[in-house]
Each structure stands twice: as C-alpha cells, then as structure tokens.
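Structure record follows, encoded as structure tokens.
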Protein chains: 2
Amino acid sequence: MLDAKTIAAKLEEAGVQATAQRIAIYQYIVCEADHPTAEEIKDWADQNFPKMSLATVYNTLNILVAAGLLKDYRFPNMSKVIYDSNVVHHHHFLDDETGQLIDIDPDVVEVTSKLKKEFHISQIQILFRGTRQTVRK
Amino acid sequence: MLDAKTIAAKLEEAGVQATAQRIAIYQYIVCEADHPTAEEIKDWADQNFPKMSLATVYNTLNILVAAGLLKDYRFPNMSKVIYDSNVVHHHHFLDDETGQLIDIDPDVVEVTSKLKKEFHISQIQILFRGTRQTVRK
DNA sequence: ATCTATATTTAGAGTAATTCTAAGCATAGA
DNA sequence: TCTATGCTTAGAATTACTCTAAATATAGAT
C-alpha cells in the first residue's frame with residue numbers, strides 16, 4: 001500500500017499536478033482496485049472521499065492515461081473502458097465464468113507470425129479466454 | 001456476390017426467418033462491407049433499401065450474432081461494435097494509420113504459452129497493431 | 001500572509017451508441 | 001380468409017462518457 005505522499009510524487013513526476021482527488025483515484029487504482037471501470041472508481045470515491053463528481057473521475061482518468069500512468073482497455077465482453085495501473089506491455093486472461101481479468105507477462109508467451117512483409121507490427125495484444133480452476137474455495 | 005435467394009437460405013438454415021430487411025443487411029455484410037459498424041449499415045440501408053429503422057438494424061445484427069451468422073467485436077480504438085461475417089476463428093491486424101481491420105488466418109500465427117495449469121484456455125484472440133506498407137498508390 | 005493568474009472541480013446539460021416499448025404490419029399456417 | 005405469431009417501426013429510454021460554464025483551489029509573485 002503506497003502512501004499518499006509517494007503517490008503524489010509519482011503524479012508530479014509524470015507532470016500531473018497532485019490534487020486530493022487525483023491522489024485518491026490513483027492510489028485506489030494502484031493499491032486496491034483490479035482493472036476497475038470509471039463506475040467502480042466513482043462508487044469507491046462515494047464511500048471513501050468527501051465528495052467527488054463523476055466528471056472529475058473521468059477527467060482524472062483521461063489525464064492519468066495521457067500522462068502514461070494508466071492504460072485504458074476495451075475488452076470484447078464489456079462496453080465500459082477498463083483502467084490498468086500496469087503500464088508495461090502485457091497480455092490478459094479473461095475468465096469467462098467470473099469476468100475477472102488477469103495480467104499475463106509477455107515473457108510467458110511466444111508468438112511467431114508469418115504475416116506478409118507489408119505488415120509492420122508495432123504491438124501484439126493477446127487476450128486469452130477461458131476459465132480458471134482455482135484450487136478450492 | 002451471393003444472390004438474395006442464397007442469403008435467404010443461409011438465414012433459414014440458421015433458424016432465422018428471412019425477411020427483406022434481414023436479407024438486405026446480411027447480404028450487404030457478406031458481400032460488400034468490410035467490418036462494418038451498425039452506423040455504416042444504417043447509412044447503406046438509407047441509400048439502398050426502401051425504408052429501414054435504426055432499431056431494425058440493431059435487432060437484426062443481434063439476431064444474426066445470436067444465430068452464429070455474424071461475430072461482433074470491440075476494438076481498443078473504437079467505441080462502436082464491429083460486425084464480421086467471417087465467423088471462423090481468426091485474428092486481426094489493425095492499421096493504426098488508416099483504422100482498417102484485416103483478418104489474419106490463425107494458421108499464419110503460432111502461439112506458445114506457458115501459463116500455469118490452472119488457466120484453461122478455450123480461445124486466443126490476437127490483435128496485431130501497426131501499419132501496412134502497400135506497394136504504391 | 002495576500003493577491004492574482006491559472007488550474008481544477010463541480011453540477012448539470014449534451015452526445016453517441018445502443019436498447020427498450022408498445023403500436024402497427026406482415027406473414028405463415030389453419 | 002382468418003388469426004396468431006413474429007417483425008418492424010418511431011420515439012423514448014438507457015448507458016457511458018464528454019462538454020460547459022461557474023465556483024473553487026492552488027502555486028507562485030508580492
């Protein structure tokens with residue numbers, strides 16, 4: 001759990017003025033949330049922050065994405081945008097039973113493609129779909 | 001270019017009653033369109049069909065997807081759903097310069113993943129992103 | 001500390017994409 | 001031809017998000 005000061009420093013470092021709202025949102029996404037949507041963040045804020053408007057949630061998310069502190073994703077099973085504090089390149093596993101998204105390290109995956117050479121690939125995004133057999137509940 | 005009769009037969013075969021609107025939409029997607037959105041289909045219908053409501057466009061698309069005749073996709077660069085008449089499993093290349101989507105045959109791609117065995121993968125969806133150097137315009 | 005210019009937050013209106021509703025039409029089978 | 005069911009329609013509603021303009025907060029100069 002990173003403290004507010006550390007979070008504020010990360011914001012400033014990325015060129016984002018560290019306001020109370022921004023610190024709260026970024027801290028929540030980094031420390032507590034797991035691939036949240038704007039709605040989840042708003043719900044959390046309603047419980048844990050004196051007062052925050054929906055517009056601020058969206059403004060902040062857009063600013064954090066632009067600053068490179070968050071990455072936004074759209075997945076085929078959802079019409080909402082999802083935010084990820086893991087900004088280094090990675091893939092995802094979508095559990096089709098629970099809807100849970102899990103980050104997958106690209107080092108665990110190898111892709112060999114024989115596309116025609118007119119295709120200049122700058123990025124490969126993989127979505128694994130399936131289910132996850134956790135040991136026992 | 002498949003004729004209306006063939007298209008109607010495909011609809012019936014999939015358990016979908018072949019109405020004029022459904023035939024027109026499915027024929028357009030199969031024969032002419034390239035990964036269209038609902039909006040593109042509506043625009044086409046406004047030019048090429050006596051009268052079709054937007055609700056019918058959406059109803060029809062949902063019915064065709066449910067019947068397995070179309071597949072719907074959401075891509076990270078767009079907030080609209082995209083429809084694909086190619087319903088056999090394949091990947092996509094997204095040209096980040098033109099926004100064009102190109103189907104990629106899974107046989108051209110090999111993926112080896114060493115995920116923990118609790119992950120039961122039923123499908124792998126790959127999005128290649130980059131640009132395409134076509135020979136000369 | 002105080003002022004001030006600029007940045008941020010806010011509520012509410014606006015927009016885009018899609019779904020819903022309920023009435024009117026069309027169609028297939030009796 | 002009748003009728004039940006299914007389809008289409010216009011328009012309202014919903015969802016997810018963005019915009020607007022006013023209020024508030026903040027950083028840096030004084």
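Because the structure is predicted, anything quoted here is derived from the model rather than measured. Throughout, a chain's letter reflects where its sequence line sits, starting with A, and its residues are numbered from 1.
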For this session: Begin with the C-alpha distance, continue with both residues' side-chain angles, and end with the deciding distance and a verdict on side chain to side chain contact (heavy atoms under 4.5 Å, CB included) for B:Ser85 and B:Leu69.
Result: CA-CA 7 Å; B:Ser85 59; B:Leu69 291 170; over 6 Å; no

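- Applying a 4.0 Å cut-off to non-hydrogen atoms, the residues of residues 21-41 of chain A that approach DNA chain C are A:Gln21, A:Arg22, listed by residue number.
- Between B:Ile82 and A:Phe49, the residue anchored nearer the 5' end of DNA chain C, judged by the nucleotide with its closest heavy atom, is A:Phe49.
- Using a 3.5 Å distance cut-off with no hydrogens or angles, the side chains of B:His91 and B:Gln125 do not pair a donor with an acceptor.
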Problem set entry | Derivation of the side-chain hydrogen bond (donor to acceptor under 3.5 Å, both in side chains) call for B:Asp103 and B:His92 | CA-CA 5 Å; B:Asp103 285 3; B:His92 289 97; 3.1 Å; yes

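- Protein chain B contacts DNA chain C over a range whose 5' and 3' limits, counting nucleotides with an atom under 4.0 angstrom from a non-hydrogen atom, are C:dA17 to C:dC20.
- The interatomic distance linking B:Met78 (CE) with D:dA16 (P) rounds to 18 Å, in whole Å.
- For the residue pair B:Asn59 and B:Thr56, no side-chain donor N or O sits within less than 3.5 Å of a side-chain acceptor on the partner.
- B:Gln100 contributes no side-chain N or O that, together with a main-chain N or O of B:Leu94, makes up a donor-acceptor pair within less than 3.5 Å.
- The number of heavy atoms from other shown groups lying within 6.0 Å of NZ (A:Lys42) is above 12.
- Nucleotide D:dA16 holds its C1' atom 11 Å from the CZ atom of B:Arg74, rounded to whole Å.
- At a threshold of 4.0 Å, the pair A:Arg129-A:Asp96 counts as salt-bridged, since one of the basic side-chain nitrogens sits closer than that to a carboxylate oxygen.
- Of the side-chain N and O atoms in B:Lys51, one or more sit less than 4.0 angstrom from OP1 or OP2 of D:dA10.
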For this session: Assess whether side chain to side chain contact (heavy atoms under 4.5 Å, CB included) is satisfied between A:Val16 and A:Tyr26, documenting all intermediate values.
Result: CA-CA 11 Å; A:Val16 174; A:Tyr26 188 50; over 6 Å; no

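- What separates OH of B:Tyr58 from C1' of D:dT9 is a distance of 16 Å, to the nearest Å.
- In A:Lys114, the NZ atom is crowded: over 12 heavy atoms of neighbouring residues, nucleotides or ligands sit closer than 6.0 Å.
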Problem set entry | Nucleic acid footprint by protein, nucleotides 19-28 of chain D - heavy-atom cut-off 4.0 Å, B for base, S for sugar-phosphate alone | B---------

For this session: Take A:Leu101 and A:Tyr73, measure what side chain to side chain contact (heavy atoms under 4.5 Å, CB included) needs, and give me the verdict at the end.
Result: CA-CA 11 Å; A:Leu101 263 181; A:Tyr73 290 97; over 6 Å; no

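- Relative orientation of the B:Trp44 and B:Tyr28 rings is parallel, given thresholds of 30° and 60° on the angle between their planes.
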